[in-house]
Amino acid sequence: MASSLLSFASASPLALLDPLKVNPRIGASTFLGKNFIKAKPFTRTSMSVAVEVSKFNELTMAPPDPILGVSEAFRADTHEMKLNLGVGAYRTEDLQPYVLDVVKKAENLMLERGENKEYLPIEGLAAFNKATAELLFGAESVVLQQQRVATVQGLSGTGSLRLAAVLIERYFPGAKVLISAPTWGNHKNIFNDAGVPWSEYRYYDPKTVGLDFDGMISDIKAAPAGSFVLLHGCAHNPTGIDPTPEQWEVIADVIQEKNHIPFFDVAYQGFASGSLDEDASSVRLFADRGMELLVAQSYSKNLGLYSERIGAINVVCSSSEVAQRVKSQLKRIARPMYSNPPIHGARIVANVVGSPDLFNEWKEEMAVMAGRIKSVRKKLYDSITEKEKTSKDWSFILKQIGMFSFTGLNKAQSENMTSKWHVYMTKDGRISLAGLSAAKCDYLADAIIDSYHYVS
Amino acid sequence: MHRGNDSHSSPSPADRRLSALVRHLQGSPLDAADPCLAAAPTSAAQISVFDHVVRAPEDPILGVTVAYNKDPSPNKLNLGVGAYRTEEGKPLVLNVVRKAEQMLVNDRSRVKEYLPIVGLADFNKLSAKLILGTDSPAIQDNRVTTVQCLSGTGSLRVGAEFLARHYHQHTIYIPQPTWGNHVKIFGLAGLAVKTYHYYDPATRGLNFKGLLEDLGSAPSGAIVLLHACAHNPTGVDPTAQEWEQIRKLMRSKALLPFFDSAYQGFASGNLDADAQSIRMFVRDGGECLVAQSYAKNMGLYGERVGALSMVCRSADVASRVESQLKLVIRPMYSSPPIHGASIVATILKDRAMFQEWEVELKAMADRIISMRKQLFDALRSRGTPGDWSHIIKQIGMFTFTGLNSAQVAFMTKEYHIYLTSDGRISMAGLSSRTVPHLADAIHAAVTKVA
């Protein structure tokens with residue numbers, strides 16, 4: 001019966017039954033299929049052909065990504081004063097995207113050399129892996145001398161975190177990852193999809209707009225021994241609040257006491273303070289103690305290679321033999337996910353880091369980017385404190401570090417920023433300083449003051 | 001109040017540490033005399049927390065190249081990985097690709113901002129047109145959602161993860177044999193994997209009867225993996241008539257087709273011809289998934305460029321599907337890499353460059369067809385026992401020689417010829433110069449090894 005109905009369907013083309021064909025005006029929309037059809041097309045004509053309904057009919061529309069959705073909304077806004085403080089992508093003072101000079105130079109070199117496009121090994125470009133581990137741990141680091149680090153090229157920070165998450169799920173079943181409250185929105189998605197349980201440790205203190213250090217330590221202590229503790233190496237996202245060097249020591253103490261495993265997310269090395277070494281000091285502190293740890297790296301921000309998707313997962317082990325085994329298992333995770341990683345970004349990094357001239361130039365460009373962010377922080381702080389004469393302490397703007405600042409604005413206040421002032425930011429009160437120009441600090445100050453005082 | 005997603009599960013981390021300790025005391029590979037441990041004075045635990053992680057074996061396909069690289073013999077030949085080689089045995093970057101890259105690098109207005117989660121819009125549109133046809137009604141009706149993914153592997157994985165979450169049937173039928181990575185991709189995505197008969201060792205051709213029987217007895221709605229053309233590893237493709245029968249059968253059982261298209265244009269030398277199987281299914285108005293790769297046909301192997309297309313019943317469904325695909329991608333790698341996709345888009349959207357590409361693509365396909373002929377002739381002239389006509393009947397980059405693993409091992413050991421243990425050789429790795437060496441090796445293997 002079904003087959004005769006179907007032969008009807010294939011013999012007389014669906015065009016006869018298909019209202020989309022009958023009324024071609026329905027559906028004149030963009031290629032990627034925006035949701036314009038209100039009525040299911042086959043309801044009236046489908047009774048005789050049971051299989052005309054989509055197998056995915058019950059699918060619901062997923063909500064837009066909270067972070068990336070901000071930029072989409074910004075683009076749709078036509079107001080002349082609009083300001084995008086959503087995604088963490090660096091902008092120049094003219095609020096333009098920025099491709100680093102060293103990156104352009106490296107790409108030209110690569111083109112001149114006429115390199116081939118063969119598959120990389122599953123673990124990625126060897127020259128990149130070497131360079132990235134040296135950059136992170138320091139070339140003279142004992143962990144590298146002793147070859148105790150398993151380094152695998154990953155798809156930027158996200159991809160590297162995902163490889164590690166799958167490793168955790170497989171080899172530490174039931175182990176939890178402790179993530180800061182708050183943390184980057186995608187962290188929980190990564191662990192959820194990998195099947196890794198997670199819970200939060202206190203981090204942000206809204207009363208001080210600073211670090212709830214006691215809460216953090218207490219929660220890390222309370223977690224079951226052998227948990228993974230996700231730490232932001234520098235420039236905490238979304239708060240911009242980092243532990244001090246002394247606090248890092250205490251964090252390391254507690255982690256060691258509880259036999260927890262530190263898991264660093266390093267997305268801003270060099271971008272936070274302007275110094276690559278300084279920004280790696282938290283990771284190096286742990287590595288120097290002989291601890292085993294995981295570190296996910298990204299070159300999206302510090303080399304402006306956002307869309308090239310270049311990063312790495314590093315696992316520091318107690319011996320080189322173990323590191324080799326761990327590396328082999330990371331490869332086994334990557335192969336059924338994407339087989340091997342993309343070459344282009346990896347070559348750019350290897351070229352920049354591998355050439356003393358380009359490396360030095362990079363450090364200069366990075367210092368400029370970090371410097372601009374520090375200077376808009378100062379300007380914003382000055383603008384706010386000139387206009388707003390209450391006793392509220394706005395110095396957190398200066399103390400926080402990196403691309404992001406937690407303004408302390410709540411959801412309603414953040415929404416006011418957007419609806420009244422056309423300032424686009426995430427609902428948790430996070431603004432991206434990288435999207436702020438000196439010229440707009442005054443306007444932003446007005447918006448923040450208004451939202452803080454007149455919305456609750 | 002702490003949020004979390006933890007469910008109650010054992011063993012506890014403390015238990016795991018204890019068992020690791022026990023293993024250590026009983027004598028694990030981690031030697032107490034290991035100097036690395038002694039050099040870590042402040043670490044509380046001398047035993048690695050990763051101690052229980054065993055060494056994974058080398059990937060069987062990529063491992064062939066690893067072994068090849070280690071071999072010092074000047075006569076060694078790598079017929080393992082499916083990467084095209086020129087007559088001189090060198091990797092090839094297409095001229096049109098170089099041209100496109102130069103254009104991209106010279107374009108001062110280009111930036112490296114994050115792509116959307118679904119990738120480069122132009123690339124997606126053009127990829128759908130390439131595989132489904134520029135006049136495809138499915139595209140015109142907005143019933144197709146296309147997302148840029150990491151080459152074929154990434155497209156298959158994203159599609160499989162989506163199906164595992166949103167499709168009512170969680171079993172996928174894959175041909176026997178198939179590319180080694182398929183079963184891992186689908187398994188990790190959460191699908192159960194079954195096989196359907198495909199290759200007939202007796203004829204070295206298609207076991208069509210077995211295929212129809214297996215698909216015929218599959219549960220209604222099951223997912224079926226189909227190689228769009230140039231089946232990997234066998235090189236055996238259904239004829240157009242056979243495809244039509246497969247289509248009818250599948251539609252009558254509401255089986256969901258999931259096409260793997262890694263060789264469009266590379267198999268016959270003609271892009272449209274190599275897409276016919278897919279287009280046949282799309283023409284009947286039904287749904288399907290298509291994973292596309294540009295690794296081979298544009299020589300963009302290491303750039304990891306591909307696309308997943310889902311042809312849906314309606315534009316509304318396609319739109320919802322796309323939103324859910326984004327939820328799969330975001331926690332995997334956030335958004336795809338721009339470089340390779342930009343190269344593809346540049347070429348596909350420019351008429352002259354597109355035609356240049358077609359010419360270079362045909363040249364690659366023709367060279368492979370010529371290698372098939374040369375190998376066939378060489379075996380015939382040696383009087384090698386057996387019927388070797390499958391070499392010229394099979395299509396695409398690979399030939400399933402029919403050699404067993406003992407014969408393969410012999411060829412590697414005695415003749416330094418590297419291929420996968422299933423007897424698959426990559427014709428792309430052959431040249432006129434090396435064909436005689438391979439023919440000698442096959443002849444020896446067949447006559448000396450059972």
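Because the structure is predicted, anything quoted here is derived from the model rather than measured. In what follows, chains carry the letters A, B, and so on, assigned in the order in which the sequence lines appear, proteins first and then strands, with residues in each chain numbered from 1.
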With no hydrogens and no angle check, just 3.5 Å: does a side-chain donor-acceptor pair link B:Arg330 and A:Asn189? no

Checklist entry - Does atom CD of A:Gln147 have more than 12 heavy-atom neighbours, drawn from other residues, nucleotides or ligands, at distances under 6.0 Å? => result no

- Query: Would a distance-only check, ignoring hydrogens and angles, find a side-chain to backbone donor-acceptor pair under 3.5 Å from B:Gln324 to A:Thr60?
  - Reply: yes

Turns out that what part of B:Gln169 lies under 4.5 Å from chain A's heavy atoms comes down to neither

Output, in order, the C-alpha distance, side-chain angles, deciding distance and verdict of side chain to side chain contact (heavy atoms under 4.5 Å, CB included) for A:Thr158 and B:Met332.
-> CA-CA 7 Å; A:Thr158 307; B:Met332 207 184 270; over 6 Å; no

Inset, instruction - Indicate yes or no for a side-chain donor-acceptor contact from B:Arg320 to the backbone of A:Leu59 under 3.5 Å, with no hydrogens or angles considered. - result: yes

Cut-off 4.5 Å, heavy atoms of chain B, and the answer for A:Arg347 is neither

Query raised in the report: Under the ring pair (Phe, Tyr, Trp, His ring centres under 6.0 Å) criterion, do B:Phe50 and A:Tyr171 qualify, and how do the steps go?
Result: CA-CA 8 Å; B:Phe50 303 104; A:Tyr171 289 100; 8.9 Å; no

In this structure, OG of A:Ser156 is separated from OH of B:Tyr114 (nearest 0.5 Å) by 5.5 Å

The interface call for A:Ile122 against chain B, heavy-atom contacts under 4.5 Å, is side chain

Given the rule in the salt bridge (charged side-chain N to carboxylate O under 4.0 Å, His left out) test, do B:Glu101 and A:Lys117 qualify, once you have shown the distances and angles that lead to the verdict? CA-CA 12 Å; B:Glu101 249 189 335; A:Lys117 294 188 182 298; 2.7 Å; yes

- Are the side chain of A:Ser307 and the backbone of B:Glu113 linked by a donor-acceptor contact shorter than 3.5 Å? yes

Original post:
Taking side chain as C-beta onward, heavy atoms only, is A:Tyr98 less than 4.5 Å from B:Val111?
Top reply: no

Under 4.5 Å to a heavy atom of chain B? For A:Leu111 that would be side chain

Between A:Ala62 and B:Leu327, the two heavy atoms sitting closest are CB-CD1, 3.6 Å

Under 4.5 Å to a heavy atom of chain B? For A:Glu58 that would be backbone

- Message: Looking at A:Gly114, is its backbone amide N or carbonyl O close enough to the side chain of B:Arg98 to form a donor-acceptor pair, meaning the two atoms are under 3.5 Å apart?
- Response: yes

### Query
Going through the checks in order, is the side chain to side chain contact (heavy atoms under 4.5 Å, CB included) test met by B:Cys149 and A:Tyr338?
CA-CA 9 Å; B:Cys149 291; A:Tyr338 51 82; over 6 Å; no

Which is it for B:Ser334 and A:Asn186 under the side chain to side chain contact (heavy atoms under 4.5 Å, CB included) test, yes or no, and what are the steps along the way?
CA-CA 9 Å; B:Ser334 281; A:Asn186 205 24; 3.6 Å; yes

Ranked by heavy-atom pairs below 4.5 Å to chain A, first place among B:Lys326, B:Arg157, B:Lys112 goes to B:Lys112

**Asked** Hey, does B:Pro337 have a side-chain heavy atom less than 4.5 Å from the side chain of A:His344?
**Response** no

So, the part of A:Asn116 with a heavy atom under 4.5 Å from chain B: the answer is both

Honestly, the part of A:Val99 sitting under 4.5 Å from a heavy atom of chain B is side chain

If one checks every heavy atom of A:Pro64 against chain B at 4.5 Å, the contacting part turns out to be neither

Between the CG atom in B:Asp59 and the OG atom in A:Ser328, the distance rounded to the nearest 0.5 Å is 12.0 Å

Honestly, the part of A:Ser339 sitting under 4.5 Å from a heavy atom of chain B is both

When the 4.5 angstrom heavy-atom criterion is applied to A:Glu257 and chain B, the contacting part is neither

When rounded to the nearest 0.5 Å, the distance separating CZ of A:Arg309 from CG of B:Leu150 is 9.5 Å

| query | Would you call A:Arg162 and B:Pro331 a side-chain contact if the rule is heavy atoms closer than 4.5 Å? | reply | yes

Turns out that what part of A:Val315 lies under 4.5 Å from chain B's heavy atoms comes down to side chain

Assert top hit (heavy-atom pairs under 4.5 Å, partner chain B, pool A:Gly345, A:Pro341, A:Pro63, A:Ser71) equals A:Pro341

Of B:Asn181, B:Val105, B:Ile338, the largest count of non-hydrogen pairs under 4.5 angstrom with chain A goes to B:Asn181

Q) Do the side chains of B:Arg165 and A:Asp193 get nearer than 4.5 Å, heavy atoms only? A) yes

So, the part of B:Leu120 with a heavy atom under 4.5 Å from chain A: the answer is neither

Has A:Lys104 got more than 12 heavy atoms of other residues, nucleotides or ligands less than 6.0 Å from its NZ?
-> yes

Whatever's closer than 4.5 Å to a heavy atom in chain A on B:Pro336 counts as backbone

- Item | B:Val53 backbone acceptor or donor facing A:Arg325 side chain under 3.5 Å | yes

CD of A:Glu118 to OH of B:Tyr84, rounded to nearest 0.5 Å, is 12.0 Å

When the 4.5 angstrom heavy-atom criterion is applied to A:Lys331 and chain B, the contacting part is side chain

Between B:Glu287 and A:Lys55, is there a donor-acceptor pair closer than 3.5 Å when you use the side chain of the first and the backbone of the second?
yes

Residue from A:Leu120, A:Leu155, A:Ile190, A:Asn340 scoring the most non-hydrogen pairs under 4.5 Å with chain B is A:Asn340

*With no hydrogens and no angle check, do the side chains of B:Ser48 and A:Glu292 hold a donor and an acceptor under 3.5 Å apart?*
yes

Honestly, the part of B:Ser151 sitting under 4.5 Å from a heavy atom of chain A is neither

The interface call for B:Val93 against chain A, heavy-atom contacts under 4.5 Å, is side chain

Ranked by heavy-atom pairs below 4.5 Å to chain B, first place among A:Glu72, A:Met110, A:Gln96, A:Glu115 goes to A:Glu115

Okay, A:Leu293 and chain B: the region with an atom under 4.5 Å from a heavy atom over there is neither

Q.
Ring-plane angle category for B:Tyr167 and A:Phe56, please: parallel below 30°, perpendicular beyond 60°, tilted otherwise.
A. tilted

If you tally heavy-atom pairs under 4.5 Å between each of B:Leu115, B:Val183, B:Leu188, B:Asn106 and chain A, the highest tally belongs to B:Leu188

If one checks every heavy atom of B:Leu249 against chain A at 4.5 Å, the contacting part turns out to be neither

When the 4.5 angstrom heavy-atom criterion is applied to B:Arg110 and chain A, the contacting part is backbone

Okay, B:Val328 and chain A: the region with an atom under 4.5 Å from a heavy atom over there is backbone

Result for side-chain contact (heavy atoms from CB on, under 4.5 Å) between A:Ile343 and one of B:Glu303, B:Arg304, B:His339 points to B:Glu303

Turns out that what part of A:Val143 lies under 4.5 Å from chain B's heavy atoms comes down to neither

Between A:Arg332 and B:Ala56, the two heavy atoms sitting closest are CD-CB, 3.6 Å

Checked B:Gly154, B:Ala83, B:Ser323, B:Ala295 vs chain A; the most non-hydrogen pairs under 4.5 Å come from B:Ser323

